[in-house]
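Just below is one structure, and these are the notes that go with it.
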Amino acid sequence: MDSPAISVQNVSMRFNLSKDKILGLKEYVIKAVKRELFYEEFWALQDVSFTVSKGEVFGLMGLNGAGKSTLLKIIAGVFRPTEGSVMVDGEISPLLELGAGFDPEFSARDNIYMNGAMYGHPPKYMETKYNEILDFAELWEFEHVALKNFSSGMMGRLGFAVATSVQPSILIVDEILGVGDYKFQAKCEERINNMISQGVTVLLVSHNAATIKEMCSRAVLLERGKVVCLGDVDEVCSVYGDCAG
Amino acid sequence: MTLSKKRLALITVALTIIFFIPMLYLPESIIGSRADHMLIFAPKILFLAMTAALVIAFILAFIIKCDFMKWQAYSFNRFKHLLKLLVKRDFIAKYRKSVLGVLWSLLNPILTMLVMTMVFAHVFRFGIEDFPVYFLSGLLIFNFFSESTTAAMGSILSNEGIIRKVYVPKYIFPVARVLSSLVNLAFSFIAFLVVFVFTGQQFQWTMLLIPIPVIYTFLFALGMAMFLSSLAVFFRDLTYLYGVILTLWQFMTPIIYPVEIIPERFRPIYGLNPMYHFVDYFRELVLHGRIPDLWSNIVCIGFALASLCIGTYVFMSKQDRYILYM
């Protein structure tokens, strides 16, 4: 059997929440000695395991604060999990943070190359994708305009265009692709659907059961950092409906 | 298998002791006369042994993490273009929107140096011949160091936006800053040559060897940059403290005064300042047309490698925690 595209094994993530409460001197010294100063432990994820096979559209569900974003960031390699491990086979394009590292002082052109480099693509490769990106984002008029003069919609379009044009093998889609107007959103959806049909693995994040049901075959439901339900999408959605309603 | 910090420190100390004894018997051509005062001779050997031990411990720490090394090599290959773009961006962004643009990179150091030459040709002097050139050559090297480490120190913090969003090898940021400073150094060097000609100095053929001290300083600065940028994440006060430290450091380095004003008995302590050796090396080539001896090279390489090993080790072992402190 093929190796899974994403394999998450017993992942736990602990954060030290900083408390800005001013302590008395005595308390301060005691806490400093006990090394508890300013921090309170918080487990954002506890013992989460699942695998996503290649070409699968996998749903990640949960209410606010369930640990979805933390998990995505671990998969994208931004966080290193406190315990457990994550294996990813393929190029990830995270659609959750569009336009990472966009520099407002520079033009769209410079930022396309820079953004591409942040995903690990050399300028030569970006050159071949350059026309496609600007076509898709409909930003030819603004090719040489500094990004600080862009509207947020334009910025989002550019970010989406770069992230999807580089042909990733794994796509992480965060719920609200609040990119541009409905016309552009339709275009985005079409592109994502296209990629799915081409065999790209998709990790779809949502708290909307209908979206997940429509697109995914399997899903996992997180609650307070723990896996509540993992498996067939209908089953997960019904559990989700129970706990949400 | 991993090496704990404690074990690594132990290995370093043990190796230092093991190396110390045979190194006492190295030929005099390398370590200098054995007839020297013990206070000069013993620290020399200790320095050698410690550097060698550090480098070996460092290599050990990384060889044991073989997967880690492979991953680093892969990710560097993938992100080297990012490094290039970052350096380019630093360079272009600096003088953006000015009428003369990139030309300022050259104009700025030339004008600064000419002003300094005019001032220092008459004031100070300390009885040094060709004082402006003496002063500027020291300043050139030290400024490269201070500029690169200062810029690199905040590089992890200032790129928080990127580090929070995508996976990028984090050392890219301090390395990019040091490389940008290296580019600036090249321009400053051209400016220096202008002053050099302007004050009627003789060109020495040894000037062709200038890349050597520059590489030494570069490696040293790189290690310091990694070390400082990683420390600054956890201890932000360092950003402010370092400015003061640099001022002190600059005065501890013979830039504006000759080494001779330091009493002979304090020289061994004075010699602990790595910048002194880099500056001295550079001046030997540029001003005196002499090639520094083997020992000078060993000292420079020793400081550079020690800094690089410690810096890289600290940076790598802490890099997963940066994001939790930003």
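Order of the sequence lines fixes the chain letters, A, B, ..., with proteins taken first and strands second; residue numbering starts at 1 for each chain. On a predicted model such as this, the values are computed, not experimentally measured, just so you know.
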ring-ring contact (aromatic ring centres under 6.0 Å, His included) partners for B:F173, two or more places apart: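 Per chain and number, B:F173 pairs via ring-ring contact (aromatic ring centres under 6.0 Å, His included) with no residue.
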Part of A:M126 within contact of chain B (heavy atom distance under 4.5 Å):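 It is neither, since no heavy atom gets under 4.5 Å.
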Proximal component of [X], with respect to chain A [non-hydrogen, under 4.5 Å]:
| X | value |
| --- | --- |
| B:L324 | side chain |
| B:R321 | neither |
| B:V166 | both |
| B:I163 | backbone |

Salt-bridge contact A:D89-A:K54 (side-chain N to carboxylate O under 4.0 Å): yes
Residues, nucleotides or ligands: over 12 heavy atoms within 6.0 Å of A:K226 NZ: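 Not buried by this count: 12 neighbours or fewer within 6.0 Å.
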Exceeds 12 heavy-atom contacts within 6.0 angstrom, atom CE of B:M50: no
Parallel, tilted or perpendicular: ring planes of A:F79 versus A:F15, cut at 30 and 60 degrees: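 Geometry flag for A:F15 against A:F79: perpendicular rings.
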